[in-house]
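In what follows, a single structure is set out as structure tokens and then discussed.
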Amino acid sequence: MSIQNLNVFDPFADAIKGGEDEIQERLVHIRIQQRNGRKTLTTVQGLSSEYDLKKIVRVCKKEFSCNGTVVDHPEYGEVLQLQGDQRENICQWLTKSGLAKPDQLKVHGF
């Protein structure tokens, strides 16, 4: 008797891809962070440096009716921060505007 499910779906395929630097740079990580109480922050990391992040934040603030800023993170570089849980909104907007493909988006969080 053998396990057939691993032939169809490899649960560790994403972890194997994460070790290579060029694939990691292509991914856009969308995370949610808990602040205090019910307040949350949505962070977007991994957008190409050729894009003007301040203009992206300006459009997102108007589109999602939230506040946002660009923060310089010591490990991740420049990161977009948006107030509230904007994970689905930012995923749809990034694919609609052509800044990222759906297979490049990696959503983290609870």
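The first residue of the sequence shown is numbered 1, and numbering continues consecutively from there.
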Quick one: does Q92's side chain have a donor or acceptor within less than 3.5 Å of a partner on N89's backbone?
no

Flag yes if V57 and L47 sit in one hydrophobic cluster, no otherwise; membership is Ile, Leu, Val, Met, Phe, Trp, Tyr, and two members link when side-chain heavy atoms are under 4.5 Å apart.
yes

Measure the shortest side-chain to side-chain distance between K62 and V59 over non-hydrogen atoms and say whether it is less than 4.5 angstrom.
no

Reported CD1-to-CG distance for the pair I90 and D85, which is rounded to 0.5 angstrom:
12.0 Å

Here the pair of heavy atoms bringing L94 nearest to S97 is O-OG, 3.4 Å

Please indicate whether R38 has more than 12 foreign heavy atoms, meaning atoms of other residues, nucleotides or ligands, lying under 6.0 Å from its CZ.
no

Is it the case that one hydrophobic cluster holds both Y76 and Y51, taking links as side-chain heavy atoms less than 4.5 Å apart, direct or via other members?
no

Hydrophobic cluster membership, with links at side-chain heavy-atom distances under 4.5 Å among I/L/V/M/F/W/Y: are V44 and L99 in one?
yes

Report the relative orientation of the aromatic rings in H108 and H29; use parallel for angles under 30°, tilted for 30 to 60°, perpendicular for over 60°.
parallel

Looking only at heavy atoms, the pair that brings G68 and L82 closest together is CA-CD2, 4.0 Å

Looking at Q34, I'd like to know if its CD atom is crowded, meaning that more than 12 non-hydrogen atoms belonging to other residues, nucleotides or ligands lie closer than 6.0 Å.
yes

Give, for atom CD1 of I30 and atom CD of E88, the distance between the pair rounded to the nearest 0.5 Å.
10.5 Å

Against Q86, only a single residue in T42, T40, I32, L41 fulfils side chain to side chain contact (heavy atoms under 4.5 Å, CB included); can you say which?
T42

Non-hydrogen atoms of V79 and H73 that approach each other most closely
CG2-CB, 3.9 Å

Scan I56, N67, T69 and name whichever one has a side chain to side chain contact (heavy atoms under 4.5 Å, CB included) with K61.
N67

dist C60:SG -> Q81:CD (nearest 0.5 Å) comes out at 13.5 Å

Would you say the side chain of T43 lies within less than 4.5 Å of the side chain of L80, judging by non-hydrogen atoms?
no

